[in-house]
Every structure is written in C-alpha cells, then in structure tokens.
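Below: the structure, in structure tokens.
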Number of protein chains: 2
Amino acid sequence: MDSKQLDLVFAALADPTRRALLARLSEGDNCVAVLAEPFAMSQPAISKHLKVLENAGLISRHSAGTSRFSHLEAEPLREATEYMEKYKRFWGAKFDKLDAALAAYQEENTDD
Amino acid sequence: MDSKQLDLVFAALADPTRRALLARLSEGDNCVAVLAEPFAMSQPAISKHLKVLENAGLISRHSAGTSRFSHLEAEPLREATEYMEKYKRFWGAKFDKLDAALAAYQEENTDD
DNA sequence: CGCTTACAGAACCGATTGGTTATGAATGGA
DNA sequence: TCCATTCATAACCAATCGGTTCTGTAAGCG
C-alpha cells in the first residue's frame, strides 16, 4: 500500500460518521437511505461520506434497481493495521534494549 | 479510547509528513531542528505537525536547554490498531459464514 | 551584557472538508 | 405514460488545514 493510499484510508477513518458507516456495513451490505437513517444529516452528506470511503477502497458499490448497495472492503484496513504494527515493538510499558533490538531486527523494514 | 481521540489519531496519521516524523522518532528522540532537516518545509511547519502529533497523544515532549525533544508514545497506535482489528474477521479472501459467526462471537462488541 | 541558536506563536493565505439546499437522472410501479 | 423513489451532482458556505513569513522568547555562550 503506497503512501497516497494510506493518506486516504487514515483520512477516511478520521471521521466518526464514516467509522459508524463502516461499523454498520460490517453487519451487512446496505443502501444509502437505510445507512443514512441513524444520522442527523442529509442524504447528500451521507453520499459524500460513502464516496470518501469508496475512494479509500474501504467499500465497493453495486446498483440494484434504484438502490445502490455499499459493501465493506476490509483489505485496506488490514494494510493500514499492518502499517501501524511497525510500531508494535514500542507497545507495552516495559521493554529493554535487547528486546527492542531483536524486535527491530525481526521486522521488515518499510519506509514512510 | 474514545471517539474524539480516534479522530485525532487517525487524522494525525493521515499526513505523510507526520508519518515520516513518527518513523524518525521510532529511531530515537530528537529535537525540532534535526527532525525538520529531511523536509522541504519551514521550521514552524514542522512545529505545527509536532503539535498535531502531541495533541493526538502520539508523542510527548521535554525541553533540554534551548532544544525540545520529541518522544514517540505508541499507546494510541496500539489502541487504534485494536480498533481496526474489529474488522479482522473480514480479512482474507475466503471465510465461510460459520467462520464469520465464530469470529464475531469471540469478539468484544465495541460500538462506534 | 550582548549575540546566537532553537523554538513557538501570530497573522495570513489558498485549498480542502463537511455540511447545506436545489436539481436532475434512472429505475420501478400504477 | 406519469409519478414516486433513490441517489448523485452542483453550487454554495463556514471552518479547518497545511503551508508561509515575521516576530518574540528563553537558554547558552563569548
């Protein structure tokens, strides 16, 4: 996953409405009107959020009649998680220098 | 980790300069001037980015003489990773409904 | 004391974001 | 055919973002 894509994924996740949409989609595909229901927000606002998620690769969409269904695509989430796990060796309150060195050595060294 | 804090962490991670700063800090604490070196950007711009990282809890800072050193704080990264792992059951190309149901059952159910 | 270095803060700027309302296009149904 | 439903797009707006330059402040040093 390149840097630009990470920009989009993290930016998409930085909004609580979009995270809630993803959470909802984890329970199953759904159409715009139904997805919009829980929010005190207009339909075009939700459509915009869905487009942001789509651009980040976090959802795909397909039409059925007059409805468009959104489908969760988790792969970018996996890759973003993988990115963050580069920092796993700093987790946990205590680790001595040997631990850190070993952990660092074991890791694939990716930049960015 | 509450929703507001997730906003800040993901928003902080959504910028490539800030991700690069974190990567640099994973090699050790450093002061502003040195951190700024690799970037074609003014010192105040870097100071702003560091403040964003600090507000997200991703770094802490301490002064030493005229310098201020930034220190990586990985805990919010761990928590954000934890958040994303809610979607772990959707990773991997194949999984049948039983797998999904089991994975869902095993999971703590956090909202947002 | 006076100079330099390291950094933060303020003021400013253009671009982007997150929302709105209004409109239009495509589908399905009477 | 005509109408209703679903949704996207356009135009607009205020607020935020990411950068700039200029200035101020605090610490170290001659």
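The analysis underlying the following values was restricted to heavy atoms, covering all of them including side chains, and did not include hydrogens, waters or symmetry mates. In what follows, chains carry the letters A, B, and so on, assigned in the order in which the sequence lines appear, proteins first and then strands, with residues in each chain numbered from 1.
- Between the NE2 atom of B:His49 and the P atom of C:dC7 there is a distance of 16 Å, given to the nearest Å.
- What separates CD of A:Gln43 from P of C:dA22 is a distance of 14 Å, to the nearest Å.
- Looking at heavy-atom distances under 4.0 Å, B:Ser67 makes contact with sugar-phosphate atoms alone, never a base.
- Atoms CZ (A:Arg19) and C1' (C:dG18) sit 15 Å apart, rounded to a whole Å.
- Taking atom NZ of residue A:Lys51 and atom P of nucleotide C:dG18, one finds them 15 Å apart after rounding to whole Å.
- We find the CZ-OG distance between B:Arg68 and B:Ser63 to be 5.0 Å, quoted to the nearest 0.5 Å.
- Put simply, B:Trp91 and A:Phe10 are part of the same group of oily side chains (I, L, V, M, F, W, Y) that touch within less than 4.5 Å, one to the next.
- In this structure, B:Ile46 atom CD1 and C:dA8 atom P are separated by 11 Å, rounded to whole Å.
- Contact annotation: the side chain of B:Ser47 approaches that of B:Val32 to within less than 4.5 Å [non-hydrogen atoms, C-beta and beyond].
- Look at B:Glu54 and B:Lys51 and you find no salt bridge, because none of the NZ, NE, NH1 or NH2 atoms lies under 4.0 Å from a carboxylate O.
- Distances shown here put every side-chain N or O of B:Arg61 at or beyond 4.0 Å from the OP1 or OP2 atom of C:dC7.
- As a whole-Å value, the separation of B:Asp15 CG from C:dA15 C1' is 14 Å.
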Could you list all N or O pairs between the protein and nucleotides 28-30 of chain C that sit under 3.5 Å apart?
none

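- Between B:Ser47 and A:Thr17, the residue anchored nearer the 5' end of DNA chain C, judged by the nucleotide with its closest heavy atom, is B:Ser47.
- Comparing A:Leu50 and B:Ala40 against DNA chain D, the residue whose closest nucleotide sits nearer the 5' end is A:Leu50.
- Where B:Lys48 and B:Ala33 meet DNA chain C, the nucleotide closest to each residue was compared, and B:Ala33 sits on the side nearer the 5' end.
- Protein atom CZ of A:Arg68 is 13 Å distant from nucleotide atom P of C:dA26, rounded to whole Å.
- Along DNA chain D, the stretch of nucleotides lying under 4.0 Å from any heavy atom of chain B spans, 5' to 3', D:dG18 to D:dG28.
- Rounding to whole angstrom units, CG of residue B:Leu21 and C1' of C:dC7 are separated by 15 Å.
- Between B:Tyr87 and B:Tyr83, the ring planes lie perpendicular to each other; the angle is over 60°, past the 30° to 60° tilted range.
- Applying the salt bridge (Lys or Arg N to Asp or Glu O under 4.0 Å) rule to A:Arg78 yields the partners A:Glu75, A:Glu82; only residues at least two apart in sequence or on another chain are considered.
- By the 4.5 Å heavy-atom criterion applied to side chains, B:Leu77 and A:Phe90 are not counted as neighbours.
- Looking at heavy atoms from C-beta onward, B:Leu25 lies out of side-chain contact with B:Leu58 at the 4.5 angstrom threshold.
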Would you sort out whether B:Ser3 and A:Arg19 count as a side-chain contact (heavy atoms from CB on, under 4.5 Å), showing the intermediate values? CA-CA 9 Å; B:Ser3 188; A:Arg19 289 199 303 274; 2.8 Å; yes

